[in-house]
Amino acid sequence: MSGGVEWALHCCVVLTSVEEPVPATKLAELHDVSASYLAKQLQALSRAGLVRSVQGKAGGYILTREPASITVLDVVEAVDGPGQAFTCTEIRRRGPLATPAESCAAPCPIARAMAGADAAWREALRAVSIADLVQDVASASGPSAIARIGAWLTTTDG
């Protein structure tokens with residue numbers, strides 16, 4: 001999983017604290033990350049329909065759906081794509097003791113184990129929403145944490 005997933009998740013969580021679009025530069029400043037790097041993650045979220053980009057002086061990014069309807073898996077797939085984490089290359093069909101292709105109709109035990117782990121991982125990520133993460137932030141950092149972030153995001157520099 002790429003580091004971009006972490007940044008994208010943080011952005012989705014903090015965007016729950018505002019009702020107006022937040023510029024990518026402001027989100028980058030909040031997270032102390034390169035604005036160009038963060039912009040790539042926000043563009044991926046936008047392409048997936050999880051955030052909307054608003055142009056103009058009051059532009060920026062805003063969530064497109066209720067936080068309870070955006071899962072962690074939605075964000076992971078937006079940033080890293082929907083492909084499986086493991087790709088079987090049929091190693092059993094190589095080398096001096098290679099298994100003949102006709103004997104490899106079913107996936108090998110390793111491929112089956114990895115597919116099962118991938119399915120469990122995806123199910124676990126599908127079960128956690130952005131709203132759940134917001135609630136966890138409130139539990140871990142105090143009930144005013146998200147409101148403080150929202151207030152900071154909506155202040156203008158000057």
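Remember, it's a predicted structure, so these values are computed and weren't measured experimentally.
- The side-chain contact (heavy atoms from CB on, under 4.5 Å) test applied to A127 returns no partner, not counting sequence neighbours.
- Annotation: side-chain contact (heavy atoms from CB on, under 4.5 Å) contacts of D80 (sequence neighbours excluded): M1, S2, V5.
- Under the side-chain contact (heavy atoms from CB on, under 4.5 Å) criterion, A78 pairs with L45, A48, L50, not counting sequence neighbours.
- Evaluation of the salt bridge (charged side-chain N to carboxylate O under 4.0 Å, His left out) test over residues 59-69, restricted to residues two or more places apart or in two chains, returns R65-D74.
- At distances below 3.5 Å, at least one donor-acceptor pair connects side-chain atoms of K26 with backbone N or O atoms of T155.
- Residues passing the side chain to side chain donor-acceptor pair (under 3.5 Å) test with D118, sequence neighbours excluded: R122.
- Other residues sharing the hydrophobic cluster of M114, ordered by chain and number and joined by side-chain separations under 4.5 Å: F86, I110.
- Among residue pairs with one or both ends in residues 42-62, those qualifying as side-chain hydrogen bond (donor to acceptor under 3.5 Å, both in side chains) are S53-Q55; sequence neighbours excluded.
- Applying the salt bridge (charged side-chain N to carboxylate O under 4.0 Å, His left out) test to residues at least two apart or on different chains, none of the pairs has a partner in residues 7-22.
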Exercise answer: donor-acceptor pairs, residues 94-106 side-chain atoms, under 3.5 Å, sequence neighbours excluded:
residue: R94; atom: NH2; partner: T89; partner atom: O; Å: 3.4
residue: T99; atom: OG1; partner: R92; partner atom: O; Å: 3.4

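- The stretch residues 138-149 participates, sequence neighbours left out, in these side-chain hydrogen bond (donor to acceptor under 3.5 Å, both in side chains) pairs: S144-R148.
- R93 has no carboxylate O lying under 4.0 Å from a charged side-chain N of E90, or vice versa, which leaves the two without a salt bridge.
- Both tests do not hold together for K40 against W7: distance to the six-membered ring centre under 6.0 Å, angle to the ring axis within 45°.
- Put simply, L125 and L63 are part of the same group of oily side chains (I, L, V, M, F, W, Y) that touch within less than 4.5 Å, one to the next.
- Applying the side chain to side chain donor-acceptor pair (under 3.5 Å) test to T25 and every residue at least two apart in sequence or in another chain returns nothing.
- Annotation: side-chain contact (heavy atoms from CB on, under 4.5 Å) contacts of S129 (sequence neighbours excluded): A131, D132.
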